[in-house]
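Structure record follows, encoded as structure tokens.
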Amino acid sequence: MKTMLKLAVMAYGATLATSAWCKDDPAAGAKLYSANCTACHGADRAGMPGAFPALTDIGKRLDAAEIKDKIRKGGGLMPPFPQLSQQEIDDIASYLAK
């Protein structure tokens with residue numbers, strides 16, 4: 001019984017630790033945006049009218065899941081970014097939502 005309780009406590013602790021490590025990080029997202037997105041959308045996220053949309057208010061047009069899906073899969077002129085991890089995509093989406 002004590003062994004089961006210890007295992008349960010350890011599993012719960014690991015779950016909490018994992019969720020703490022995986023929080024979205026807008027600062028990391030800003031760096032990733034700079035490295036992956038500025039060539040088309042600009043450092044100020046203003047885009048280029050007619051070619052690349054502004055991302056300044058993307059959170060008002062798309063929800064978080066749609067933003068992440070667009071980063072992952074691309075669409076239109078935007079290429080997919082399969083080299084980014086889920087955490088990196090989450091961080092970029094968090095930065096864009098600011």
Euclidean distance, Lys70 NZ relative to Leu96 CG, rounded to 0.5 Å:
13.0 Å

Determine whether a donor-acceptor pair (N or O, by modelled atom type, separation under 3.5 Å) exists between the side chain of Ser34 and the backbone of Ala30.
no

Which value, rounded to the nearest 0.5 Å, describes the distance between Lys68 atom NZ and Ile89 atom CD1?
9.0 Å

Heavy-atom pair of closest approach, residues Ala46 and Ala54:
O-CB, 3.3 Å

Mind checking the CD1-CG spacing from Ile71 to Asp90? Nearest 0.5 Å is all I need.
9.0 Å

Taking side chain as C-beta onward, heavy atoms only, is Asp24 less than 4.5 Å from Gln87?
yes

Rounding to 0.5 Å, atoms NZ (Lys23) and CG (Asp91) come to a distance of 12.5 Å

Within the structure provided, determine whether Leu84 and Ile92 are in side-chain contact (heavy-atom separation under 4.5 Å).
yes

Going by ring-ring contact (aromatic ring centres under 6.0 Å, His included), name the residues that satisfy it together with Phe81, two or more places apart in sequence or in a different chain.
none

Could you list the residues that satisfy side chain to side chain donor-acceptor pair (under 3.5 Å) with Asp57, not counting sequence neighbours?
Arg61

Check for me, please, whether Phe52 and Ile58 land in the same ILVMFWY cluster - side-chain distances under 4.5 Å, paths through other members count.
no

OH on Tyr95 to CD1 on Ile67, rounded to 0.5 Å:
12.5 Å

Taking it one step at a time, do Asn36 and Glu88 satisfy side chain to side chain contact (heavy atoms under 4.5 Å, CB included)?
CA-CA 11 Å; Asn36 294 281; Glu88 291 170 325; over 6 Å; no

Nearest 0.5 Å, what's the CG-OG distance between Leu32 and Ser85?
8.0 Å

Looking only at heavy atoms, what is the nearest atom pair of Arg72 and Gln86, with distance?
NH2-OE1, 2.9 Å

